[in-house]
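Taking it in order: structure first as structure tokens, then the write-up.
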Amino acid sequence: MRLEHVPATAQIPQIDIPAFDATPWAARRAELLRRMGSGVAVIPTGSEVLRNRDAHFPFRFDSYFYYLTGFTEPDAVLVLVAGEQPQSILFCLPKDETREIWDGYRYGPDAARDTFALDAAHTLDALDEVLPKLMADRDAVWYSLGHDAAWDARLNGWLNAVRGLVRTGVTAPEAVRDVRVLLDEMRLIKDASELATMRRAAAISCRAHARAMRFTRPGVREFQVEAELLHEFRMGGAQSPAYGSIVATGANACVLHYRADSAVCADGDLLLIDAGCEVDGYASDITRTFPVNGRFSGPQRDCYELVLAAQAAAFAATAPGRHWNEPHDAAVKVLAQGFIDLGLLQGSLDGVLESKAYSRFYMHRTGHWLGLDVHDAGDYKVGGDWRPLVPGMVLTIEPGCYIRPADDIDARFHNIGIRIEDDALVTADGHDNLTQDAPKSLADIEALMRDR
Ligand code: GLY
Ligand code: MN
Ligand code: MN
């Protein structure tokens with residue numbers, strides 16, 4: 001490596017990392033306890049998973065557990081006891097000097113209780129003794145039944161232990177309720193702390209997309225563009241991508257779940273990048289599509305402008321009082337008319353909408369909730385109707401157009417795959433596009449690639 005390839009220290013961005021503040025996490029626990037009303041909630045996080053021989057997959061905490069604790073270690077359980085004296089109790093790994101020499105710092109129960117503002121904390125091996133006692137004389141257990149067979153079996157064991165005590169006058173919980181039903185509703189509306197984190201993630205991902213555009217030119221391979229994205233993610237302080245980055249050039253852009261591979265970006269082709277980073281557990285999710293050589297061709301331009309117009313229509317339908325499906329309906333209407341205008345479909349707009357003929361070129365939904373999970377928690381319908389949008393919800397808006405070669409399609413359109421995706425926060429008077437800094441207009445993209 002030549003020395004001039006190493007950035008001068010002055011060029012390395014200084015990243016401010018906010019200090020951990022347990023207040024919002026405690027507020028979420030208090031709200032969940034209020035919604036439970038009674039009973040005991042048991043919410044485990046995950047364990048490390050072996051990848052091959054001695055190497056593990058990078059550990060990622062369970063989103064529900066993290067939402068309520070901020071605690072990122074594996075092998076821990078949060079127990080919430082609702083009622084007149086609500087309690088938040090953590091069970092976690094013990095301090096262990098030997099393990100800490102190999103694997104790094106562990107909080108242990110005492111430091112965890114203080115740092116994460118819990119009422120009590122114990123080591124994980126106390127679960128079998130403490131849980132049956134906490135469940136005795138409670139009406140319900142709140143738990144994610146069916147998510148993890150091993151935890152299901154342990155829960156059954158604790159319930160049976162309480163049932164075994166009934167002759168001593170103890171009553172066992174009658175109901176096992178799904179705690180996700182309560183948590184999903186809470187997670188749909190992001191609090192200020194969550195939004196601050198999501199804005200950090202969005203800003204880093206915007207920079208990553210701009211960097212990828214500046215880097216791309218004929219001859220580079222998809223994985224080299226992915227490397228540019230990953231560089232910006234980590235340089236900005238993101239812990240990881242929020243999902244496997246899609247870097248798809250030419251015909252690959254028409255494969256919806258394509259992953260960055262080794263194809264060479266060719267002069268005259270498009271490059272579709274769907275990539276977003278995760279910061280402190282929160283996802284961003286951006287797609288940009290641009291010409292490898294920096295100049296859209298005629299058919300590429302037509303299709304890009306169509307998808308952009310569909311996205312604008314979807315954004316216009318993203319506001320409080322509109323329902324979940326309105327942005328999708330708006331995007332589909334614009335795309336369907338565009339496919340007719342471009343000669344890709346025949347017939348009337350009503351006919352194309354009615355027959356869903358547009359789905360040949362636009363076969364996915366226009367968005368999903370976004371938060372701790374890239375496809376975040378929360379139902380899309382309530383009581384059989386599409387859910388109304390309310391301030392604090394975050395959703396993606398991601399229309400696209402994917403034209404596979406076929407005899408009845410003008411060859412100039414073959415293999416054009418375009419998606420444009422942004423992350424929208426619903427606000428009191430409309431929406432805020434969290435990812436608007438990723439270059440998107442034809443003029444902005446062409447200018448950035450021309451002037452790099
Ligand atoms: N990147 C996943 C999605 O757009 O849904
Ligand atoms: Mn998405
Ligand atoms: Mn995406």
Side-chain angles (χ1 to χ4, degrees), residues 41-79 90-109 111-112 115-116 121-131 143-158 178-180 183 201 222-223 226-227 229-231 233-234 237-247 257-262 274-285 371-377:
V42 180
I43 302 163
T45 191
S47 297
E48 283 199 297
V49 176
L50 213 52
R51 183 178 184 275
N52 56 316
R53 201 175 287 265
D54 289 342
H56 291 85
F57 285 105
F59 175 70
R60 167 54 159 76
F61 39 78
D62 175 83
S63 294
Y64 292 108
F65 172 88
Y66 177 79
Y67 178 73
L68 295 167
T69 60
F71 190 66
T72 58
E73 290 183 13
D75 299 317
V77 184
L78 176 68
V79 177
L90 181 75
F91 294 80
C92 64
L93 293 171
K95 292 295 285 179
D96 181 329
E97 196 179 346
T98 308
R99 287 311 334 151
E100 290 183 59
I101 287 170
W102 286 90
D103 299 331
Y105 177 77
R106 274 186 195 176
Y107 279 91
T115 307
F116 299 94
H122 307 287
T123 55
L124 205 59
D125 58 10
L127 268 175
D128 290 340
E129 186 201 332
V130 178
L131 257 283
Y143 173 76
S144 303
L145 201 61
H147 176 67
D148 182 306
W151 281 112
D152 290 357
R154 290 195 71 177
L155 184 86
N156 279 330
W158 300 325
D178 196 333
V179 71
R180 291 170 292 196
L183 282 169
E222 291 166 338
F223 59 73
E226 181 189 26
L229 296 164
L230 296 175
H231 172 95
F233 289 171
R234 284 302 276 151
Q239 288 84 7
S240 70
Y243 53 91
S245 303
I246 297 170
V247 181
H257 286 165
Y258 186 83
R259 292 284 300 273
D261 201 344
S262 57
D274 183 345
C277 66
E278 180 177 301
V279 172
D280 293 347
Y282 284 84
S284 51
D285 184 5
L372 283 166
D373 298 312
V374 64
H375 293 174
D376 206 31

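The basis for the numbers below is simple: all heavy atoms, side chains too, and nothing from hydrogens, waters or symmetry mates. Just so you know, these numbers come straight off a predicted model, no measurement behind them.
Contact of the D152 side chain with the L145 side chain is registered, since non-hydrogen atoms from C-beta on lie closer than 4.5 Å. You'll find the side chain of L127 reaches within 4.5 Å of the side chain of W158, heavy atoms only. Put simply, the side chain of R180 does not reach to within 4.5 Å of the side chain of Y143, judged on heavy atoms. Contact annotation: the side chain of I43 never approaches that of S144 to less than 4.5 Å [non-hydrogen atoms, C-beta and beyond]. With contacts defined as side-chain heavy-atom distances shorter than 4.5 Å, the pair L131/F91 qualifies. At least one side-chain heavy atom of D274 sits less than 4.5 Å from a side-chain heavy atom of Y243. Inter-residue side-chain proximity for V79 and V130 is flagged as unmet; no heavy-atom pair is nearer than 4.5 Å.
Counting heavy atoms of neighbouring residues, nucleotides and ligands inside a 6.0 Å radius, atom NE2 of H56 exceeds 12 of them.
In this structure, the side chain of Y66 does not engage the main chain of T45 through any donor-acceptor pair within 3.5 Å. In this structure a side-chain-to-backbone donor-acceptor pair under 3.5 Å is missing from D373 to H375. Using modelled atom types, one side-chain atom of R106 and one backbone atom of P94 make a donor-acceptor pair closer than 3.5 Å.
Expressed to the nearest 0.5 Å, how far OG1 of T72 lies from CZ of F65 amounts to 9.0 Å. In this structure, the separation between OH on Y67 and CG on L78 is 13.0 Å, given to the nearest 0.5 Å. In this structure, the separation between CG on L230 and CZ on R234 is 10.0 Å, given to the nearest 0.5 Å.
For A260, the side-chain contact (heavy atoms from CB on, under 4.5 Å) partners two or more places apart in sequence, or in a different chain, are E226, V247. Listed by chain and residue number, F57 satisfy the side-chain contact (heavy atoms from CB on, under 4.5 Å) test with V49 (two or more places apart in sequence, or in another chain). For A112, the side-chain contact (heavy atoms from CB on, under 4.5 Å) criterion is met by F71, L90, C92, Y107, F116, not counting sequence neighbours. Qualifying salt bridge (Lys or Arg N to Asp or Glu O under 4.0 Å) partners for R60, counting only residues two or more places apart in sequence or in other chains: E278. Residues passing the side-chain hydrogen bond (donor to acceptor under 3.5 Å, both in side chains) test with D261, sequence neighbours excluded: none.
Shown here for S284 and A242, the closest heavy-atom pair between the two residues is O-CB, 4.0 Å. Nearest heavy-atom pair across A76 and L124 is CA-CD1, 4.1 Å. Annotation for P109 and A121: closest pair O-CB, 3.2 Å, computed over non-hydrogen atoms. The nearest pair of heavy atoms linking E73 to Y105 is OE2-O, 4.2 Å. When every heavy atom of A201 is checked against every heavy atom of Y282, the shortest pair comes out as CB-O, 3.8 Å.
Shown are L155, V77, D62, D75; of these, the side chain to side chain contact (heavy atoms under 4.5 Å, CB included) with P44 is made only by V77.
Residue pairs satisfying the salt bridge (Lys or Arg N to Asp or Glu O under 4.0 Å) criterion with at least one member in residues 42-54, sequence neighbours excluded, are absent.
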